[in-house]
Amino acid sequence: MPPTQAESVIKNIIREIRQECAAHGEIVSETLVAFMVKAVVLDPSNGFNTDRTLIKSDVQKLVKLCVARLLDSKNPSLDTIKMQVYFDMNYTRREEFLEEHHRVVESRLGSVTREITDSRACIREELESLYRKIVSYLLLRSGLGSPTDIKVVREATAALQSVFPQAELGTFLTLSEKDKERQLKELTMIVTGIRLFNRDCGKGGEGIDDLPAILQEAIPATTQHIDSQLQVVQDQAYRYTAILEKVVKNPLLSQELQPYMLKEALYNLRQYEIFLQIILSDIITCAQEVEMMIKQLGAQLEQLKMTVKSKTAVPTSQVFPIFIALSNLWTSFQDETVLISVLSNLTTHLEPFLGAHELFFPEKVMQDLLDRVAVKTDVCRIKEHMEDRVNPADFRNLEWLFPETTANFDKLLIQYRGFCGYTIAATDGLLLPGNPAIGILKYKEKYYTFNTRDAAYSFAENPENYIDSITEKAKKNAELIQLLELHQQFETLIPYSQANLRQKVTHSVQTNLSHMRRENCSQVYPSKTASTQSLREGSSQVPRPQIYIAGLRGGQTKTTYGVKVNLTRGVDET
């Protein structure tokens, strides 16, 4: 079937599924449906052949299966896929977000800019009107107060008159459009700098929010909230993991647990945890930027005070550059404020995708199964096997990497988001954290970690077997494609259903090692009420991490390390 025809068939299928769901009162996005189509086709138990053209009965069956899955309100897998789609559609990397934010601000200024640059004002009334428009433009571009607030307008007008009196409009009108735009931007920065300086001296600042103070309050509050969410979700994940390990050792339990979809519930928690870590890393970047900017702000204001101190006239060449620097710095404070707000909202909107875990898996059932079971944290698991290392001499043709002999060891991009590949394959999908200290296997230019030395040896005997097994598992549980970052393996399987989520990233060793640091802190915050916990269960407040993961910021390099998401480049391109 030609690509255009196949795409048309897929689009029709998606439309039909959305209509069916809407008829049952469930509004679903095109992206979610596209992903579900892919999930249903990939699952071998549904009997679709991806090499064969879909016939009418296939289409009917596909629509029916997709609708059934999308209407299944008691399925943690659906919650996870919805969470992945939501995050994909709403999260943007810091640099991309700020670029887009600035572009939107520019586009909003388009009409008022054109009114000024196209003006042919001649008579006094027209020139006064043009001057007022320039003041409005300055306020809109700077974001420092409303152009309809008379006090703000007076203050901005006075500042503008000190550097660009109305008499200079004649010269301004002779400039080219580009030069007019350039001068407007420069005037905005100078007037903004003057107003910020006057505010600091207690002589103005009407309509200017104290952004440094707002950020210094908002960042710790947001961080603390995410930390408490992380702790609750991790505690629950550790309990699920302990029960699933018990099941692995006692297959008779497997039948008893089947209705509870415990593995799918674990995937739901782990995906939520990963997204929170991504958001947290961005907030830590904001915190670092703000801390640096506050120091710069103090230094620039001090420099201005020294420059103008007891002088009646100061050369513009001395003060204009500082005013412009002040303005640019304030724009950065505005950027960080918007970014924190967006990240905070994203955190809030992810919570509903956790689903009602106590409905899936009642506390009474959980407690019975946890009887005589040790619940281990990820840190505890890693510490257990720190000395249990691979002996490279046991493997002639395989390369093993260790922290003391490998440069940038903590920045290696680990497969399966740092979970143990052997365990995922050997236990039909249990997620246990890999321990890089045991040794990292380098196989076909990719890196794998394991939770024990025995697991590492087993995987190394036949890596392809385990890699294929994980791919097959992900066909049955499509949420694993995103959770374990298996996009490469699946991109070619269904060429016409463009449902790949954009995140194509790998997990750095640093994240696993960072678990060690999360426990090494002493400050304790006051307890929150149980009602604020996302899983609606009692949980004591825990120490907040004081040392965060190194290498999370990503910097200016093309590859972003840590748990940062790079939306634009595939794993194979890093």
Within the structure provided, determine whether Leu266 and Leu430 are in side-chain contact (heavy-atom separation under 4.5 Å). yes
Taking atom types as modelled, find out whether Lys473 and Asn477 have a side-chain donor-acceptor pair closer than 3.5 angstrom. yes
Can you tell whether the side chains of Glu464 and Lys444 come within less than 4.0 Å, N to carboxylate O? yes
For Thr449 against Gly418, the heavy-atom pair lying closest together: OG1-O, 3.4 Å
Salt-bridged, Lys376 to Glu245, with N to O below 4.0 Å? no
Can you name the closest pair of heavy atoms from Cys66 and Val40 and give their distance? SG-CG2, 3.7 Å
Side chains of Tyr457 and Asp394, donor plus acceptor under 3.5 Å: yes
Strictly by modelled atom types, are Glu273 and Gln229 linked by a side-chain donor-acceptor pair under 3.5 Å? no
More than 12 heavy atoms of other residues, nucleotides or ligands under 6.0 Å from CD of Glu30: yes or no? no
Less than 4.5 Å apart, any side-chain heavy atom of His385 and any of Ile438? yes
Which heavy atom of Leu98 sits nearest a heavy atom of Asp335, and at what distance? CD2-CB, 3.6 Å
A side-chain contact here means heavy atoms from C-beta on lying under 4.5 Å apart; do Tyr238 and Asp378 qualify? yes
For the residue pair Tyr267 and Pro76, establish whether any side-chain heavy-atom pair is separated by less than 4.5 Å. no
Salt bridge between Arg381 and Glu384, side-chain N to carboxylate O under 4.0 Å? no
Decide salt bridge (charged side-chain N to carboxylate O under 4.0 Å, His left out) for Glu404 and Arg389; before the verdict, give the C-alpha distance in whole Å, the side-chain angles of both, and the deciding distance to 0.1 Å. CA-CA 13 Å; Glu404 64 278 5; Arg389 304 180 71 173; 2.9 Å; yes
Of all heavy-atom pairs between Arg417 and Leu483, which one has the smallest distance, and what is that distance? NE-O, 2.8 Å
Smallest heavy-atom separation, Asp371 atom then Lys246 atom, equals O-NZ, 3.8 Å
Just do the side-chain contact (heavy atoms from CB on, under 4.5 Å) check on Met261 and Asn75 with the steps written out, would you? CA-CA 8 Å; Met261 303 185 78; Asn75 189 332; 3.3 Å; yes
Under a 4.5 Å cut-off applied to non-hydrogen side-chain atoms, are Leu484 and Ile424 in contact? yes
Validation row: Val85, Thr31 side chains within 4.5 angstrom (heavy atoms): yes
If you count every heavy atom of other residues, nucleotides or ligands that lies below 6.0 Å from Glu387 atom CD, does the total exceed 12? no
Under the side-chain contact (heavy atoms from CB on, under 4.5 Å) test, residues paired with Thr347 that sit two or more places apart: His225, Ile226, Leu276, Ile279
Testing the basics here: between Ala460 and Leu398, what is the closest heavy-atom pair and its distance to 0.1 Å? O-CD1, 3.5 Å
Hey, are the side chains of Met36 and Lys82 touching, using non-hydrogen atoms and a 4.5 Å cut-off? no
According to the interplanar angle, ranging from 0 to 90°, do the rings of Phe459 and Phe450 count as parallel (below 30°), tilted (30 to 60°) or perpendicular (above 60°)? tilted
Over 12 foreign heavy atoms within 6.0 Å of OH, Tyr422: no
Centroid-centroid under 6.0 Å between Tyr416 and Tyr448 rings: yes
Residue pair Glu479 / Gln84, side-chain donor-acceptor N/O under 3.5 Å: no
Do Met83 and Glu351 come within less than 4.5 Å of each other through their side chains, counting heavy atoms only? no
Go through Leu280 and Asp227 one step at a time and tell me if the side-chain contact (heavy atoms from CB on, under 4.5 Å) criterion holds. CA-CA 8 Å; Leu280 186 60; Asp227 280 332; 3.8 Å; yes
Are Glu363 and Arg239 ion-paired here, with the side-chain N under 4.0 Å from a carboxylate O? yes
Is the NZ or CZ atom of Lys263 both under 6.0 Å from the centre of the six-membered ring of Tyr240 and within 45° of that ring's axis? no
Partner residues of Asp43 under the salt bridge (charged side-chain N to carboxylate O under 4.0 Å, His left out) criterion, sequence neighbours left out: none
Residues Arg94 and Glu336 bridged, charged N to O under 4.0 Å: yes
Working to the nearest 0.5 angstrom, can you tell me the gap between Tyr86 OH and Asp79 CG? 15.0 Å
Phe419 vs Ile470, side-chain contact (heavy atoms from CB on, under 4.5 Å): CA-CA, chis, key distance, verdict: CA-CA 12 Å; Phe419 292 112; Ile470 292 168; over 6 Å; no
